[in-house]
Amino acid sequence: METHAKVVIIGGGVVGCSILFHLAKFGWKDSVLLERNELTSGSSWHAAGQIHTISSDPNISRLQGYTINLYKEIEEISGHSVGMHNTGGFYLASNKDWYDYLKRERSKARYMGLDQEFISLEEVARLHPLIDPKRYIAALWDPLDGDIDPSGVTYAYAKAAKVHGASYHTHTPVLETNQRADGSWDVVTEKGTINAEHIVNAGGLWAREVGHLSGLNLPVQPMEHHYLITEAIPEIEAREERLPAGIDYEGNMYFRQEGNGMLLGTYEPVATPWSVRGTPQHFGHELLEPQLDHIAERLELGFERIPALANAGIKDMINGPFTFGPDGNPMIGPVPGMRNYWAAVGVMAGFCQAGGVGKCLAEWMIEGEPEIDVWAMDIARFGDYASPDWGTIKSSENYERRFVMTFPNETLPKGRCQRTTALYDRLTDKGAVWGDSFGLEHALWFANGPEDAHEEPTFLRSRAHDYVAAEVKAVREKVGAIEIANFAKHAFKGADARRFLDHIMAGTIPKTGRISLSPMLTPKGKLYGDLTVACLGDDEFLVLGSGAAQEMHRRWFEQHLDGFDVNYANESSRWHGIALSGPNSRELLSRISRDDVSAEALEFRDIRRTFVGGVPAILTRLSFSGELGYEIYVAPEYQIKLYDAIAGAGEDLGLKFYGARALMSLRLEKNWGVWTLDFRPDFTAAESGLDVFINWGKDFVGKGAAESERDNSPKKRLICMTVDTPDIDVCNDEAILKDGKCVGYVTSGGYAHYVKQSMALGYVPTDLATAGTRLEIEINGEMFAATVIDKALYDAAGERMRQ
Ligand SMILES: Cc1cc2nc3c(=O)[nH]c(=O)nc-3n(C[C@H](O)[C@H](O)[C@H](O)COP(=O)(O)OP(=O)(O)OC[C@H]3O[C@@H](n4cnc5c(N)ncnc54)[C@H](O)[C@@H]3O)c2cc1C
């Protein structure tokens, strides 16, 4: 066995083998995969092998399309059959909500280059005569769907990787992973030790145990899962053509032809986590005892919808475990806080996703960044709060919701209150309706007290609409307060703090006491942050950013610290606080501060350390609402005191607490984008318009790429549109069309309450980005007229926030 390698991948399931293939194909031939047993000895061997493209995240859908299209290539290179049946498949809706959902999926498919189309129920019956079409109201057809042989695919990846120059060793369990001072890893096995620059945890069912070898606790959980295979069905035996595959959303089940019978799998309403305290090392090519009673109800529904199943004998009942992550999506990428340690875990649909996971991870390792934004799969979307216990709860929830839609206004109930601030009870009493992000509860909107704090999941405007309108009005006309514990706060201290930030940020780094906005770019010129940089002292800075992306940014900062005399810490949990916005905010602040907070003494984009409400605070004059406003950051133990001071002083000024929905509405009427939606690594500074904040007179990461784009002009641009709709708004991911042709897609939007206008942001080709261009947006299958605007509908000159 080798003693040195560029990369050691631990785990020879479909995910590890795909990574090995992609690394070798892209040039890192010195990559080695170690497998405890035979290849496929985890969940990969007993998968149902069904493949489809639909996923909640468009980029994951795109990668699922990539995965399916890759099967021909690995079969050809390896000479090993993947057992592909490219039958096509349909997604079946049995009620209006599911039909709306499918219309939204079709809209996404338009710009993802996927070829999905609605087919009639007569066509469903013709293609799949065993289905009772009366049970459905709509069917979306995807010609890419079908099924493969799971073991064939895994071996094809491994053998194709070998053809490209990589190697793998079976019956070689990894016993230890020990990091050397130079950051490389000694990967210890009974056959010897390999020193590798990087290691990849692709341990699948044993991802947790492989993680423990390096001190890593992963919030993933294997779940029991059933599918059955019937005896031969005469109608199938009589056919020449193979039946298409299908997903029945209401039944949370999938089906396809297997031999001359059928395979039907279902995600039961109550999940069964398997081996919660750890996957046994001896577990191998084994199955679990079927629990028929767990799936009986779902099977009955299946029998109603595919009546031939009811009369068919059951040949096999499979119950096998596979691993889920907390939100059902894979967790891949460099693990924040670790050096040269890569994760590729929690891949719950390996035969739909492993190709995309392998491609992205290999690009990330070799080139420093994946070709497309992989935020929905990035392990950094979770932090320390994502404990193994929380992981089990959330993974179970996601298992149960495998094919269950989540409405745009819906928040999932399990694993809640993992992190709360001191104001949780007070704001609950006020009627807060809570959402969670990065494990932290934050108010979405305020009802009239706790009894009133409820909302139906819907694609339309919900009952929250009028409450949010009142919050927006209060901010625009009086004063609003919002908790800002969920913003990220990154602290930089030391002699080189300014030099470091100058290097990593594309914008100007402010003087002491001042704040500036700056994009952060990758070497390829992609956006990696949209940050607020505040200078507290000559060698002390606070960088404010997206709370959800705090670990992603932490990882980025830590990767670039070498050679700078600077101490960096993610202080997001150290600073909670409240923001005040609105014309009366100055008066309110003056009542709870001894400082002179007049316009001259505390200017727009000033920052200072002071006392507010009688407690130590960092005070900034900033607001994401576009109004005169202040952000007051205090340590968590002062949050109640600050709240009480604000609540006590604000009553006669029209103070109203508001939530994230109102904030999103306020920023829309200012034409401002947000990180993770409008700003993300799919786009560049010039495309997003954030290039206006670039300081071209200095060197910074990504400057070369940004300059070349500046000189050649970007091909697409972020635009803001008004949308003519009576009672529905975009969420995101809707197709934007011009003359019936898809030209782009919506990245965010909603209702701008103060200007009373439905709005959307999205990317379109540059020639369609001029003000006045008429476009269309497809919302729930209907086309709505949209017009490009180049000026904010509210206070375009930005006078209110500067007053
Ligand atoms: C019943 C069932 C039906 C399914 N149906 C489908 C489907 O229709 N479509 C689909 O896309 N997906 C399906 N899946 C999911 C799919 O099987 C998984 O997503 C996939 O197998 C995950 O692959 P993996 O490589 O991450 O993990 P695994 O397959 O679990 O591979 C991990 C590997 O790591 C090895 N390993 C662990 N520890 C060590 C160590 N210390 N040293 C060396 N090697 C180690 C293990 O032996 C194992 O081979 C199904 C799963 C089940 C259980």
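In each ligand, atom 1 is the first atom listed, and ligand 1 is the first ligand listed. Throughout, residue positions are numbered sequentially from 1 according to the sequence presented. Bear in mind that the values here come from a model prediction, so they are computed numbers and not experimental data.
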Smallest separation among heavy atoms of G261 and I236, with atom names: O-CD1, 3.6 Å
Check: G13 main-chain N/O paired with Y157 side-chain donor or acceptor under 3.5 Å: no
Distance filter under 4.0 Å to C352 heavy atoms, resulting ligand 1 atoms: 11 (O)
Salt-bridge criterion met for K25 and E73 (N-O under 4.0 Å): yes
Under 4.0 Å to a heavy atom of A202 - the qualifying atoms of ligand 1, by number: 32 (C), 34 (O)
For atom 13 (C) of ligand 1, closest protein heavy-atom neighbour: A47 CB, 3.8 Å
H46, portion touching ligand 1 at heavy-atom distance under 4.0 Å: both
Mode of A207 contact toward ligand 1 - side chain, backbone, both, neither (heavy atoms, under 4.0 Å): neither
Closest non-hydrogen atom pair, A376 against R381: O-CZ, 3.1 Å
F351 and ligand 1 - part of the residue with a heavy-atom distance under 4.0 Å: both
Which residue and heavy atom of the protein sit nearest atom 2 (C) of ligand 1, plus the separation: H225 CD2, 3.6 Å
Residue pair T87, Q257: steps toward the side chain to side chain donor-acceptor pair (under 3.5 Å) verdict: CA-CA 10 Å; T87 56; Q257 183 172 334; over 6 Å; no
Those atoms of ligand 1 less than 4.0 Å from some heavy atom in L205: 30 (O)
Side chains of M84 and I68 in contact at under 4.5 Å (non-hydrogen atoms): yes
Modelled atom types, side-chain donor and acceptor of H52 and D145, under 3.5 Å: no
Distance in Å, E235 CD paired with E237 CD, rounded so as to fall on 0.5 Å steps: 9.5 Å
Audit row: E197, K6, salt bridge (charged side-chain N to carboxylate O under 4.0 Å, His left out) steps and yes/no: CA-CA 5 Å; E197 203 174 303; K6 184 86 178 165; 3.2 Å; yes
Heavy-atom nearest neighbour of atom 47 (O) of ligand 1 within options E38, E35, H226, H171: E35
Within-cut-off N or O pair, P173 and ligand 1, under 3.5 Å: no
Proximity to ligand 1 by part of V15, non-hydrogen separation under 4.0 Å: both
For atom 34 (O) of ligand 1, closest protein heavy-atom neighbour: G11 CA, 3.1 Å
Heavy-atom donor-acceptor pair, T323 side chain to G204 backbone, under 3.5 Å: yes
Heteroatom proximity flag, A344 to ligand 1, N/O under 3.5 Å: no
Test log, rule side chain to side chain donor-acceptor pair (under 3.5 Å), inputs H285 and S41: CA-CA 6 Å; H285 275 248; S41 291; 3.3 Å; yes
N86 side, atom CG; Y71 side, atom OH - distance, nearest 0.5 Å: 11.5 Å
Protein heavy atom at shortest distance from atom 4 (C) of ligand 1: A48 N, 3.3 Å
Protein contact to atom 9 (N) of ligand 1 [nearest heavy atom, distance to 0.1 Å]: Q50 O, 2.9 Å
Any N or O of L213 closer than 3.5 Å to N or O of ligand 1: no
Proximity to ligand 1 by part of V210, non-hydrogen separation under 4.0 Å: side chain
Atom indices of ligand 1, in the order listed, that fall short of 4.0 Å to a heavy atom of G49: 7 (C), 8 (O)
Salt bridge (charged side-chain N to carboxylate O under 4.0 Å, His left out) partner of E400, chosen from K394, K414, R298: K414
Min heavy-atom dist N37 to ligand 1 below 4.0 Å: no
Contact (N/O only, under 3.5 Å) between T172 and ligand 1: no
Heavy atom of the protein closest to atom 45 (C) of ligand 1 (residue, atom name, distance): R36 CB, 3.6 Å
Part of Y227 within contact of ligand 1 (heavy atoms, under 4.0 Å): side chain
Ligand-side contact atoms (ligand 1) for residue partner S41, heavy atom cut-off under 4.0 Å: 47 (O), 49 (O)
Pair E105, S61: side-chain N/O donor-acceptor within cut-off below 3.5 Å: no
V14-ligand 1 polar pair, N/O distance under 3.5 Å: yes
Separation between CE of M317 and CD of E289, rounded to the nearest 0.5 Å: 11.0 Å
Any donor-acceptor N or O pair under 3.5 Å, side chains N195, S184: yes
Flag, side chain of E209 to backbone of T279, donor-acceptor distance under 3.5 Å: yes
Ligand-residue contact atoms, ligand 1 with G203, heavy atoms, under 4.0 Å: 32 (C), 34 (O), 37 (C)
Contact (N/O only, under 3.5 Å) between G350 and ligand 1: yes
Validation row: L63, Q353 side chains within 4.5 angstrom (heavy atoms): no
Under 3.5 Å: N/O of G320 near N/O of ligand 1: no
Shortest protein contact, atom 42 (N) of ligand 1 (heavy atom only): V174 N, 2.9 Å
Nearest neighbour in protein (non-hydrogen) for atom 20 (C) of ligand 1: S43 OG, 3.5 Å
Numbering as shown, the atoms of ligand 1 that approach I10 to under 4.0 Å (heavy-atom distance): 40 (C), 42 (N), 43 (C)
Those atoms of ligand 1 less than 4.0 Å from some heavy atom in S44: 20 (C), 21 (O), 23 (O), 25 (O), 28 (P), 29 (O)
